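Comments concern the structure below.
Just so you know, these numbers come straight off a predicted model, no measurement behind them. The figures here come from the full heavy-atom set of this structure, side chains too, leaving out hydrogens, waters and symmetry mates.
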Amino acid sequence: MNIEIKLFTSLREITGKKIISLELKDKISVEELISLLAKKYGKDFKEYIYSKNGNVEDFLSFLINGKNINNLQGFGTSLKDGDTVAILPPVGGG
């Protein structure tokens, strides 16, 4: 199963990548994917993604093929072969 992860702003700087392509043997949820990426990219990635209490930061948005996971099954949403996951920072305006 192949998954593509699109990164923006700080996560690009932390990982040094705009896009991460992963080949996985088994199905994986969004929550498991985030955990896998945190292990792979270390402390700075973890500190950006997770709050001090261990929850994913509220200011981040996660899209699967352009659909917000909040409109799917949240972090429990299962990923399928060919899915693209985008991790978006907060949007500011002014």
Can you list every pair that meets side-chain hydrogen bond (donor to acceptor under 3.5 Å, both in side chains) and has a residue in residues 15-24, with sequence neighbours left out?
none
Tell me whether V56 is reachable from L11 by hopping between hydrophobic residues (I, L, V, M, F, W, Y) whose side-chain heavy atoms are closer than 4.5 Å.
yes
Value for CD1 (I87) from CD1 (I5), rounded to nearest 0.5 Å, stands at 7.0 Å
Using the rule that two of Ile, Leu, Val, Met, Phe, Trp, Tyr join whenever any of their side-chain heavy atoms come within less than 4.5 Å, decide whether L24 and I69 are in one cluster.
yes
Where at least one partner belongs to residues 64-73, residue pairs that pass side-chain hydrogen bond (donor to acceptor under 3.5 Å, both in side chains), sequence neighbours excluded
N65-D83, N68-N70
Residue set satisfying side-chain contact (heavy atoms from CB on, under 4.5 Å) with T9, at least two apart, ordered chain then number -> Y48, P89
Going hydrophobic residue to hydrophobic residue with side-chain gaps under 4.5 angstrom, can you get from I14 over to L22?
yes
Please enumerate all residues that pass side-chain hydrogen bond (donor to acceptor under 3.5 Å, both in side chains) together with N55, with sequence neighbours excluded.
N53
To the nearest 0.5 Å, how far apart are OG in S78 and CD1 in I64?
8.5 Å
Residues passing the side-chain contact (heavy atoms from CB on, under 4.5 Å) test with D81, sequence neighbours excluded, are M1, N2
Derivation and outcome, side chain to side chain contact (heavy atoms under 4.5 Å, CB included), residues I19 and T84
CA-CA 10 Å; I19 296 174; T84 298; over 6 Å; no
Are the side chains of T77 and F62 in contact, using a 4.5 Å heavy-atom criterion?
no
Review item, side-chain donor-acceptor pairs of residues 31-46, under 3.5 Å, at least two apart:
residue : atom : partner : partner atom : Å
E32     : OE1  : S29     : N            : 2.8
E32     : OE1  : S29     : OG           : 3.3

Is there a path of hydrophobic side-chain contacts, each under 4.5 Å between heavy atoms of I/L/V/M/F/W/Y residues, joining L79 to I20?
yes
Find out if a path of hydrophobic residues (ILVMFWY) with successive side-chain heavy-atom gaps under 4.5 Å connects L63 to V85.
no
Just verifying a value: how many Å separate Y50 OH and L60 CG, rounded to the nearest 0.5 Å?
11.0 Å
With rounding to the nearest 0.5 Å, note down the distance linking CD in E13 to CG in L7.
11.5 Å
